[in-house]
Protein chains: 2
Amino acid sequence: MEGDPTLRLRVFDLNCWAIRYLSKRRQERVGLIGDTLRQEGFDLVLLQEVWSEQDYSDLKAKLGGCYPFSHYFRSGVIGSGLCVFSRFPILDTLLYQYSLNGYPYMLQHGDWFCGKSVGLVVIKISGIVFNVYVTHLHAEYCREKDAYLPHRLVQAWELAQFIRHTSKAADVVLLGGDLNMHPEDVGIRLLRGWTGLRDAFAEATHFEGCEAGCTLIPNNCFTVKTELLPFPLGIRIDYILYKAVSSFTVKCEELKTTMGTAPGMDIPFSDHEAVMATLHIQRQRQAAGANLGTAEPTLADVVTEARTEVGVGLRAAQRQRYSTGRMAVLALLLLLLQAVAALGALAGLAAGQPFPKLSFSLLAFLAIGILLLATGLHLFHTMEVKMLQGTEEQMRMALRALQEHP
Amino acid sequence: MEGDPTLRLRVFDLNCWAIRYLSKRRQERVGLIGDTLRQEGFDLVLLQEVWSEQDYSDLKAKLGGCYPFSHYFRSGVIGSGLCVFSRFPILDTLLYQYSLNGYPYMLQHGDWFCGKSVGLVVIKISGIVFNVYVTHLHAEYCREKDAYLPHRLVQAWELAQFIRHTSKAADVVLLGGDLNMHPEDVGIRLLRGWTGLRDAFAEATHFEGCEAGCTLIPNNCFTVKTELLPFPLGIRIDYILYKAVSSFTVKCEELKTTMGTAPGMDIPFSDHEAVMATLHIQRQRQAAGANLGTAEPTLADVVTEARTEVGVGLRAAQRQRYSTGRMAVLALLLLLLQAVAALGALAGLAAGQPFPKLSFSLLAFLAIGILLLATGLHLFHTMEVKMLQGTEEQMRMALRALQEHP
């Protein structure tokens with residue numbers, strides 16, 4: 001790499017939708033993913049939603065020959081679902097768990113249990129240091145009234161901050177994953193603006209795949225068609241992003257997506273389409289300083305927009321904290337009242353007949369249950385408020401810095 | 001700084017023990033800390049256990065004149081307790097919350113609720129980039145049978161990894177905080193070995209303060225004397241650590257601790273002693289490469305020792321996960337049995353008389369309570385197992401790397 005030779009890097013990214021007992025034809029699909037990865041021989045494979053460690057072990061056993069290096073990121077109750085396979089040695093890893101990730105009581109959405117995170121692996125190829133990030137942000141269940149938007153924005157902000165702070169010695173930064181955001185969403189603009197990462201789809205010289213680069217499409221037999229009704233082409237929420245941070249240039253020569261089925265098969269890899277990029281990395285004679293800070297004139301506006309949304313989430317969280325606190329106090333009062341009544345009855349003060357024992361104890365148990373539940377929720381929303389406040393303040397600091405040094 | 005001039009930096013570190021309603025003479029002490037900081041005019045102030053945002057705001061109002069820049073790190077239910085005051089502009093911040101931090105049901109220890117974290121602030125002084133870290137690790141409640149050792153080791157490891165990954169562009173790294181570990185403990189050796197950080201107490205040219213640099217001493221009127229019985233001099237658990245990561249040298253000219261009372265007063269700042277370091281930072285003509293990787297021959301041994309302890313914690317967590325899971329299953333069986341009995345009684349199958357309603361419902365409520373509690377604990381210990389496994393694997397990777405490139 002001392003002269004001008006170009007390093008060609010083939011990257012594969014896929015949300016595998018491999019939820020044990022829930023995802024359809026999971027084992028068959030994981031097997032298929034493994035077979036294709038073995039045949040195609042990518043350089044780097046970034047996978048999400050590999051929830052079962054058994055699936056990871058199976059993939060590892062199958063891919064050991066062509067991808068001798070791999071890492072599975074553990075976090076949360078179920079795991080992070082994130083893993084990386086690499087043709088080149090993984091020198092180091094780090095996991096950052098997002099501070100907010102939905103609500104434990106939204107069992108039907110389940111994101112909270114997954115410990116959504118960003119994983120970093122450091123790889124050196126031909127003397128070039130690559131910081132490779134893989135992540136999966138909180139899902140969007142209802143675009144019109146997206147209750148999780150503030151949490152996803154906190155995640156996008158933490159992701160951007162984590163990348164900025166950990167990539168300072170890297171030559172090339174790569175990020176792959178299911179960001180659960182459309183290309184024009186504020187979270188994507190924030191992430192790209194604040195890190196300087198570029199979108200492989202937008203930059204690719206050649207593109208081959210679903211129209212508009214969509215990765216969740218009606219043509220895929222596993223997608224929920226009703227959710228995609230407002231988007232006849234589908235949506236693009238899986239990304240490969242990159243930048244060069246020192247005297248290197250990165251170009252995306254080719255970007256491909258699968259198109260509803262795995263190549264040459266009649267079933268898809270997943271309910272998401274895979275994204276495959278061929279990147280060209282070249283050493284520059286002069287440092288590419290322009291890539292470092294992307295002081296777009298609109299970045300301050302993007303941060304302001306994101307901060308406003310975080311503020312909306314903050315006020316909602318404060319209301320929840322208040323109402324759960326009030327509920328806990330009411331339950332406690334009821335319990336105290338019952339205690340007084342019971343003591344009164346014992347002391348023979350009650351004029352009429354004593355309370356029916358059964359309903360009295362049922363009521364007490366109900367009050368205890370509500371007290372415990374409301375206290376737990378109150379603590380949870382207190383944490384939520386703190387993290388939203390912290391993010392809002394960090395964004396305020398960032399805005400001040402942008403205004404002082406635009 | 002282009003020639004040889006030396007930058008002199010005065011750093012103050014203190015665990016403030018400012019727990020609202022619990023810490024003795026809190027407001028008086030926080031006022032005293034503020035007065036002293038204002039008079040002494042340090043360059044950097046790293047505080048822990050400032051649990052109340054009101055105390056932080058009071059300090060900020062008082063110190064605004066001499067420390068115009070400050071940051072309070074929010075996390076967990078109560079907060080991280082961490083904050084930084086600085087004479088120089090804070091350019092950027094990042095918070096990393098440790099993945100393990102005790103148990104929510106150990107209410108008497110309370111660490112879990114504090115969201116123990118490491119906070120990073122980036123500061124530039126005379127063109128030199130400082131990465132300043134402030135942290136507070138899990139307390140040690142019983143040295144002989146320290147149930148929290150695996151969690152504290154995971155924290156020490158995550159702290160070291162976070163510093164390594166985020167400090168690559170820094171010229172100087174500073175870490176201050178209450179590490180809750182004695183100087184010879186495996187966690188301190190791991191942290192120092194894996195990051196290359198040096199201990200200001202061990203390196204200081206002049207030292208003035210408690211014998212052996214102790215920061216928790218029997219002479220302090222707020223310390224619990226029985227806990228310090230095995231250590232007549234006290235213990236050293238608060239540290240200022242540093243290193244230069246590029247072409248700079250850092251020397252600790254002077255280290256001081258308070259000695260049981262605030263200077264010139266009859267009450268202490270806190271139950272901990274304050275640590276005050278005067279550092280000299282100088283640009284070198286040649287890069288100080290030796291500081292970067294501290295490939296001490298014993299580092300592999302230290303990582304092995306830490307990994308063994310993490311393994312002990314892992315097996316304990318696995319046992320807890322198993323027993324809470326079994327408890328949940330038993331409670332579920334009891335509930336099912338009751339449901340069958342109740343249905344049987346309703347259908348008139350019961351030969352004798354029906355169960356007494358009161359004790360029957362009480363038993364059902366008890367079973368539901370145990371089921372919920374055991375399930376919650378099972379989920380918690382599942383997460384704990386995952387994080388311990390993850391750390392153990394990272395340490396295994398580190399050991400392999402150390403063995404391959406000692």
Side-chain angles (χ1 to χ4, degrees), chain A residues 53 71-80 89-97 99 104 113 115 117 120 122 129 131 158 161-162 164-170 357-358 360-362 364-366 368-369 372-373 376 378-380 382-383 385-391 393-394 397-398 401 404, chain B residues 53 71-80 89-97 99 104 113 115 117 120 122 129 131 158 161-162 164-170 357-358 360-362 364-366 368-369 372-373 376 378-380 382-383 385-391 393-394 397-398 401 404:
Chain A
E53 277 199 55
H71 191 78
Y72 186 75
F73 291 99
R74 291 182 178 87
S75 84
V77 178
I78 305 173
S80 72
I90 293 175
L91 303 181
D92 211 340
T93 68
L94 187 65
L95 183 78
Y96 182 97
Q97 204 168 331
S99 59
F113 293 91
S117 313
L120 158 64
V122 181
V129 177
N131 267 27
E158 289 179 348
Q161 285 283 80
F162 182 71
R164 284 177 64 242
H165 280 282
T166 52
S167 66
K168 286 180 179 162
K357 269 186 193 167
L358 179 63
F360 193 81
S361 359
L362 285 183
F365 270 104
L366 195 69
I368 292 174
L372 289 178
L373 196 69
H378 182 71
L379 292 180
F380 179 83
T382 303
M383 273 197 267
V385 164
K386 280 210 189 290
M387 299 321 301
L388 287 164
Q389 280 174 336
T391 305
E393 195 183 313
Q394 274 194 39
M397 264 182 69
E404 282 172 8
Chain B
E53 276 200 56
H71 191 78
Y72 186 74
F73 292 97
R74 291 183 179 86
S75 84
V77 177
I78 305 172
S80 72
I90 293 175
L91 303 181
D92 211 339
T93 66
L94 187 64
L95 182 77
Y96 182 98
Q97 205 168 329
S99 59
F113 292 92
S117 313
L120 158 65
V122 181
V129 177
N131 267 29
E158 288 180 348
Q161 284 285 79
F162 182 71
R164 283 177 65 241
H165 280 282
T166 53
S167 65
K168 286 180 178 163
K357 269 186 191 167
L358 179 64
F360 194 79
S361 357
L362 286 183
F365 270 104
L366 194 70
I368 292 174
L372 289 177
L373 196 71
H378 182 72
L379 291 180
F380 178 84
T382 303
M383 275 198 266
V385 165
K386 279 208 190 294
M387 299 321 301
L388 288 164
Q389 279 175 335
T391 305
E393 195 182 312
Q394 275 194 41
M397 264 181 69
E404 281 170 11

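Numbered from 1 within each chain, the chains take letters A, B, ... in sequence-line order.
- Only the side chain of A:S361 comes within less than 4.5 Å of a heavy atom of chain B; its backbone N, CA, C and O stay farther away.
- When heavy atoms are compared at a cutoff of 4.5 Å, A:I78 approaches chain B solely by way of its backbone atoms N, CA, C and O.
- Here the side chains of B:R164 and A:D92 are in contact, with some heavy-atom distance below 4.5 Å.
- For the side-chain contact (heavy atoms from CB on, under 4.5 Å) test, residues two or more places apart in sequence or in another chain that qualify with B:F365 are A:L362, A:F365.
- Evaluation of the ring pair (Phe, Tyr, Trp, His ring centres under 6.0 Å) rule for A:F73 yields A:H71 as partners, not counting sequence neighbours.
- Neither the backbone nor the side chain of B:L372 comes within contact range of chain A; no heavy atoms are under 4.5 Å apart.
- When heavy atoms are compared at a cutoff of 4.5 Å, A:V122 approaches chain B solely by way of its side chain, counted from C-beta outward.
- With chain A as partner, the option from B:V385, B:I368, B:T382, B:T166 having the largest number of non-hydrogen pairs under 4.5 angstrom is B:T166.
- Inter-residue side-chain proximity for B:E393 and A:T93 is flagged as unmet; no heavy-atom pair is nearer than 4.5 Å.
- Looking only at side-chain heavy atoms (C-beta outward), A:N131 and B:H165 stay at 4.5 Å or farther from each other.
- Note that CD of B:Q97 is 6.0 Å distant from CE of A:M387, once rounded to the nearest 0.5 Å.
- For the atom pair CZ (B:R74) and CG (A:L388), the distance works out to 11.0 Å, reported to the nearest 0.5 Å.
- Contacts between B:Q394 and chain A at a heavy-atom distance below 4.5 Å involve the side chain alone, from C-beta outward.
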